[in-house]
Amino acid sequence: MDIDVPGSSGPELKEYTALLRRRWRLVGAGVLGGLVLATAGVLAVPSTYTSVAAVQVHPTGMAEFTGERSGRLTGDVNLDSEAQVVLSERVTAQMAEALPGDPAPADLRERIDVTVPSNSNILELHYSARSPEAAQEGADALAASYLENRGEQARAVISGRLAALREEQEGLYERLSDLAAENAAAQGAERISADAQADALRQEIGDLGNGISPLSALHETVSPGQVITPAGLPGSPSSPLPPLWLVAGATLGLIAGLLAALVRDRLDPRLHDTEDTARIGTVPVLLDLSAPSKRTGRSPDRSPGLLTDTEPDGQRANGFAHLVRARLADQPPATAPGSAPAGEADPDEPGPGHVIVVAGTTPGRAGTAAAVNLAAALARTGSETLLVCADPRTGTAAELLGLTEGPGLAEVLVDGEDPTQLEVRPADVPRLRVLRHGKPGTAAPIQGGAAELVELLRPHAEFVVIAAAAVNERADAHALAASADVLLPVVELGLSRRADLTGTVTAGERFGVTVPGAITVPRQPDPGPAPSAPLPVPPAPRLPSEAEAGSDSGAGRTSKPNHAEVPAGSRR
């Protein structure tokens with residue numbers, strides 16, 4: 001059976017949203033943890049208040065000596081350099097003298113921040129402290145110390161320049177005095193030359209005087225800048241900011257929660273959705289019964305129940321039955337070694353049917369529930385179908401189909417009973433016959449005669465659906481797979497393990513049976529404890545011989561019908 005339904009090639013957006021739905025508690029815990037830590041931080045960290053003083057920096061008029069014209073702006077003051085001057089040892093030491101408590105300049109620098117608004121000659125001086133009053137006082141002291149230091153520096157430069165000019169002027173006066181003494185004794189050409197030198201010296205002295213006069217005036221009127229916005233009293237703390245901390249804490253918690261959810265999901269050995277099943281198992285999901293149903297009567301555990309034509313899940317099961325019939329129509333049934341080929345069989349005997357083994361990947365009702373609905377869908381869509389209950393957990397099939405306990409597969413294998421005499425028909429599903437597992441306290445030794453059992457059951461129906469025990473509980477499915485036509489693993493979302501699904505697919509490939517895809521069902525009710533050990537049975541099953549089967553085929557059935565089942569022999 002070749003069903004070309006592509007699986008998921010890789011994670012998609014809906015897979016990540018499904019991950020969030022599965023791990024929302026972990027993600028929520030991360031966000032909540034981030035909020036708790038942020039709240040604790042807000043409460044634990046002392047409040048800090050910041051006051052800002054705005055200072056307009058004026059040119060000192062000594063740009064050629066102070067380098068003020070080399071700044072990044074087009075003005076006369078390099079504000080980048082001035083911002084560093086504010087943080088200098090000289091300014092902070094002077095500021096420390098103005099503050100109470102004699103703080104260390106290094107500690108003050110940790111509390112200072114300087115910003116420069118674009119295209120301006122303004123310095124914004126930020127000072128942080130534990131109280132609003134201390135922040136305001138510190139910002140004012142910083143502005144005053146900076147302006148005082150800048151003024152002192154400018155006046156020092158002017159004073160130095162004045163001293164140099166005056167010294168040079170004194171030297172010229174001395175030369176002029178010496179030249180006058182020499183000129184008094186000179187005659188003729190020498191006197192004319194001395195007069196010319198004296199005139200030149202007087203000119204230089206005059207030029208120096210012209211330079212000294214404005215510098216002297218500048219020294220008295222130099223303006224380093226002014227405080228245009230005095231430091232204000234902060235009305236609220238600048239840090240910590242509760243909204244910012246809470247948003248940051250929630251964001252970091254969300255990131256941590258998402259990472260934890262991703263890691264947890266990657267390490268989780270279970271399958272949670274159809275996309276996960278298709279990607280991990282490398283087979284498509286052919287029938288998904290995991291979607292929540294709006295049908296009344298669905299139990300809170302979301303068990304699929306016995307589906308009907310009136311609900312979407314039932315129609316999906318019918319569609320899958322049509323797909324199985326169409327694909328198996330071109331595939332001859334597998335035969336056991338030594339059996340006659342299909343073309344050489346007795347024309348009076350019914351043709352061999354197709355055997356489909358349905359095995360759960362978790363113990364419990366998942367595999368049997370899927371097998372019952374597949375068999376019911378095949379019967380509803382027109383195929384004579386035989387459901388074989390090979391799982392020792394017999395309660396699911398009886399519950400879904402309304403059957404009572406009675407002899408079945410165990411009696412066929414142990415006592416050699418004719419299976420046609422033990423089949424029953426559920427009243428609600430025409431064309432479906434059921435071979436129950438057996439009487440209470442008995443178990444069917446399937447693994448001792450699986451191939452013979454399959455060949456015995458093939459002629460009894462167009463499709464033989466065998467509900468085998470879970471692959472991680474018993475090896476019955478492996479024994480049956482060697483003689484079956486199709487092996488369908490059933491994934492119980494949220495409980496089936498990835499390794500069990502991949503192991504089932506790999507086993508099918510090794511046994512040469514087609515594994516076209518998987519069936520997914522929601523998480524089922526707790527299956528309870530495993531069946532207790534059965535009574536001792538013969539080591540090898542005893543299947544009815546052909547003569548026994550032929551002699552019993554015409555015998556009347558003695559089982560009596562009840563409200564939910566009728567003997568298979570009573571069909572018209």
So, does Ser51 use its side chain to make a donor-acceptor pair with the main chain of Tyr127 at under 3.5 Å?
-> no
Within the distance-only criterion (no hydrogens, no angle test), does the side chain of Asp276 pair as donor or acceptor with the backbone N or O of Leu271 below 3.5 angstrom?
-> no
Sidechain-backbone polar pair: Thr385 side chain, Ser383 backbone, donor-acceptor under 3.5 Å = yes
Give a yes or no on whether the backbone of Thr115 and the side-chain of Glu124 come within a donor-acceptor separation of less than 3.5 Å.
-> no
Check: Gly314 main-chain N/O paired with Asp309 side-chain donor or acceptor under 3.5 Å | no
Measure from the side-chain N and O atoms of Thr396 to the backbone N and O of Ala369, and report whether any donor-acceptor pair falls under 3.5 Å.
-> no
To the nearest 0.5 Å, atom NE2 of His478 lies from atom CD1 of Ile446 at 13.5 Å
Taking Asp485 for its side chain and Val355 for its backbone only, find out whether a donor-acceptor pair lies under 3.5 Å.
-> yes
Rounded distance [0.5 Å steps], CE in Met95 versus OG in Ser145 | 6.5 Å
Within the distance-only criterion (no hydrogens, no angle test), does the side chain of Arg497 pair as donor or acceptor with the backbone N or O of Thr361 below 3.5 angstrom?
-> no
Can you measure from CG (Leu233) to CD (Glu137) and round to the nearest 0.5 angstrom?
-> 11.5 Å
Does any N or O in the side chain of Glu492 come within less than 3.5 Å of the main-chain N or O of Gly360, such that one atom is a donor and the other an acceptor?
-> no
Can you tell me if Thr381 uses its side chain to pair, donor with acceptor, with the backbone of Leu378 under 3.5 Å?
-> yes
